[in-house]
Each structure stands twice: as C-alpha cells, then as structure tokens.
Amino acid sequence: MIREATTAPVAQNASSSRSIGVLLVNLGTPDAPATAEVRAYLREFLSDPRVIDINPLGRWLLLNVFILPFRPAKSAAAYRSVWMSDGSPLLVHGRALQAGVQAALNEKSPGRFVVRLAMRYGKPSIPSVLQELLKQDLERLIILPLFPQYSSAATGSALERVMKVVAESWNVPAVDSFDSFYDAPAFIDGFRDVARPLLDAFAPNYVLFSYHGLPERQVKKSDTTGSHCLATSTCCDAICPANRFCYRAHCVATTNALVNALSLAPGTFSYSFQSRLGRTPWIKPYTDLVLPELAQKGIKRLAVFSPAFVADCLETVEEIGIRAKEQWHALGGEDLLLIPSLNAHPTWVNGVADMVLERSGIKRT
C-alpha cells in the first residue's frame, strides 16, 4: 500500500492547461569524491536535527570533534571507489529516473507534468529546484521522497524542507506528497524484475535483505502510543496504528512483500541493518554481524538486496558490493552478489509514473 501524507484532496479540472509539478527527492551526494567536498556534504547532512536527534551542543561536539576531523577523508576514498564518469551514482541514477518518469508521463498524459530531481543535502538543492519549478504557475505539486520506508531522518526531513520553501513562495500550488511506498506494486515489482534473472543465474543458497540502520531512539519516537515499538520481538510483524510510521516495521513489510514476489522458500532469507554510526543502540540485527552467522551455517553463495534505496549509491555499491563482499570471502564464503537497486529500470520508471498519475487524478489520454 502507498502511504500518503495527510493532505486534503484537491479536485482536478480536466480542462486545465496548467502544469503539475513532480518533485523527486533523494538524500544527496557530495560534489566530488574529495575530502573538502565530502566534509561540506557531511556538515550539512549531519547538522540536521532530524538526523542526529540529540541536544544542539551534543550534536555540535559530535560533528566537529569526532566526525568531521576524521571521517571525510575516509568517506572520500570510499566515494572514489564508486564514482562514475558522470558523477556520483546517486545523482547519475536520479537523473536517469527523472528523465524516464518525464518521458513516461508525457506518453501517458502529454504536456501536463514537469518532473524535477532535488537532493535534501548538496546539489541540486531543494530550494534551487523548487524556485525554478514554482515559477511555472503550477496547478499542483506532487512530492515523492525516494525513501521507500518512512523515517523522520529521511522522509520527514525532506518533506519539512520542501514545505518550508513552498510556504515562502508567492506562487503556492496545491501540494500533495507520499510519505512511504514500502509495499507499493511499483516498488516491489521493480525489484522483482531487477532481481529475478540475476538470482536465477547466481543460484544463491541464501538471500539477505540489508536495510540502512536507524538509532533505536528514533524508532521509539515514531510510536504513537509510546509502548509498542521495540517492546516485543513481534512488534514489527504487522503494520498497525502504533507503528504506522515505524521504519523497522516498514522494512519488515518490504521484506515480506519481496519474499512473496520472488517466491523464496522458508529458511532461505532474513533481513538486517547496515551503516550504523556511533555507540548508541541501532535497530538490529546488524548486517556485519549477520554475515559471520550465515557463514557458520555453511552458506556459500549469498545474494544481498538493499531495499532501503531506490538508486545505487555509496551504501549499496561500496558498503555491500565491495566491503561486505570482502568480509564474506574472508569468512570462507564462495561469492556474494549485490542485487542492483531499481535505478531507472523500466518497471520502476513506469511504476513511478503510474503512482504520480493516480495521485494527480488525471486520466490517461
């Protein structure tokens, strides 16, 4: 099911010639795989109080004493290992998705949609893209944060930034937004179509769904009751009012949907969480600790999905495709296959266009 923000529906005028803006928002990327550019990117990213949700002084100390003096050089080296001829993978694939969705919408409803890509941090920035987009006297603005599972740190931050810019504009259209699409057919079918031929050729013994991690405190903050999330071992097994905005529960739902779509046998798959930062507890199990457990069970050929991302990036290509693969080989594993992300796969491109078209209320021509 596609989850949406609580925005009142707006009646569509079928005869209107005004455009509908579509803003695709992803996390962001440094301008170059160099220490200075990575430091600037990390400073903007990690200064966001939704990302490091501690008191301002603690956040400043963590960022300026423990992270920025050391992490940029290491991260820059990691970026260099995945950088493409046209730039960062996240940006290259994002632009391809933007172009594909624009073309698909032009085919489905000619001349009605203007699709743009923005990044929450770095370039192209949300303010710069929106300022250009809002000059077009839009009938409506549809915002699609490209984060399948909701989190305040990603989706919430992106929507907050967009709404702030829109509120400061003189030309404010009707605004609608998606807050998650963790089990939407476009998303699940896209990963199915990307993965199926690769899995058939690779013949894995096991499939691991590795999601980006999140501090446990942030998951608990999303609990509307204050007593459900992380309270029991089964709290994420089904979506309910208490965990409607729970990132971990969304990840479990994505896993279940992909397992069904791929017809994976019981006992041949599990999920985990990667990319943790700092010493505070993050949601478990941890990917780097799951790998030794799988190796000890005799698993040799491991396929890994990263379904928290719709575009390949540092966390998929470098963290899983390079580092996790090296760890797997060191543990005695025969091979590890990273399933590519959706990027601009035709199923995903057309699925996003259909999601936007359905939300717009416009019938196909």
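The first residue of the sequence shown is numbered 1, and numbering continues consecutively from there. The basis for the numbers below is simple: all heavy atoms, side chains too, and nothing from hydrogens, waters or symmetry mates.
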Can you measure from [atom1] ([X]) to [atom2] ([Y]) and round to the nearest 0.5 angstrom?
| X | Y | atom1 | atom2 | value |
| --- | --- | --- | --- | --- |
| I142 | E358 | CD1 | CD | 10.5 Å |
| D223 | C229 | CG | SG | 4.0 Å |
| I299 | L294 | CD1 | CG | 6.0 Å |
| L342 | F187 | CG | CZ | 6.0 Å |

Residue pair [X] / [Y], side-chain donor-acceptor N/O under 3.5 Å:
| X | Y | result |
| --- | --- | --- |
| R112 | N106 | no |
| Q274 | S210 | yes |
| S157 | R120 | yes |
| S275 | E319 | yes |
| N343 | S341 | no |

Considering all heavy atoms, the nearest [X]-[Y] contact:
| X | Y | answer |
| --- | --- | --- |
| T280 | R217 | OG1-NH1, 3.5 Å |
| W328 | K300 | NE1-O, 3.2 Å |
| R18 | L138 | NH2-O, 2.8 Å |
| R116 | V129 | CB-CG1, 3.6 Å |
| H93 | A311 | CB-CB, 4.0 Å |
| A104 | A353 | CB-CB, 3.7 Å |

[Y] and [X], any side-chain heavy atoms less than 4.5 Å apart:
| X | Y | answer |
| --- | --- | --- |
| Y271 | L258 | no |
| N205 | E334 | no |
| L141 | D176 | no |
| I339 | L337 | yes |
| L314 | Y79 | yes |
| Q136 | N171 | no |
| V166 | V162 | yes |
| L331 | L291 | yes |

Keeping the roles fixed (side chain from [X], backbone from [Y]), state whether a donor-acceptor pair exists under 3.5 Å.
| X | Y | answer |
| --- | --- | --- |
| T155 | S152 | no |
| W83 | P89 | no |
| E216 | L230 | no |
| N243 | C240 | yes |
| Y41 | A36 | no |
| R39 | P72 | no |
| T232 | C235 | yes |
| Y211 | T255 | yes |
| S360 | I362 | yes |
| S128 | S125 | yes |

Do NZ/NE/NH1/NH2 and the carboxylate oxygens of [X] and [Y] come within less than 4.0 Å?
| X | Y | result |
| --- | --- | --- |
| K325 | D335 | yes |
| K164 | E168 | yes |
| R95 | D86 | no |
| D354 | K108 | yes |

*Taking it one step at a time, do F45 and Y121 satisfy ring-ring contact (aromatic ring centres under 6.0 Å, His included)?*
CA-CA 6 Å; F45 173 33; Y121 315 101; 5.0 Å; yes
_Geometric cation-pi criterion, R301 with Y206: 6.0 Å, 45°_ = no
*asked:* Let's go through W282 and Y247 carefully: what are the C-alpha distance in whole Å and the side-chain angles of both, what is the deciding distance for ring-ring contact (aromatic ring centres under 6.0 Å, His included) to 0.1 Å, and is it a yes or a no?
replied: CA-CA 12 Å; W282 283 48; Y247 173 79; 9.9 Å; no
*For atom NZ of K284, is the number of surrounding heavy atoms from other residues, nucleotides or ligands below 6.0 Å larger than 12?*
yes
*Is it true that atom CZ of R192 has more than 12 heavy atoms of other residues, nucleotides or ligands lying nearer than 6.0 Å?*
yes
*Do F66 and F70 make the cut of ring centroids closer than 6.0 angstrom?*
no
*Stepwise side chain to side chain donor-acceptor pair (under 3.5 Å) test for D53 and Q218*: CA-CA 8 Å; D53 56 328; Q218 293 191 14; 3.0 Å; yes
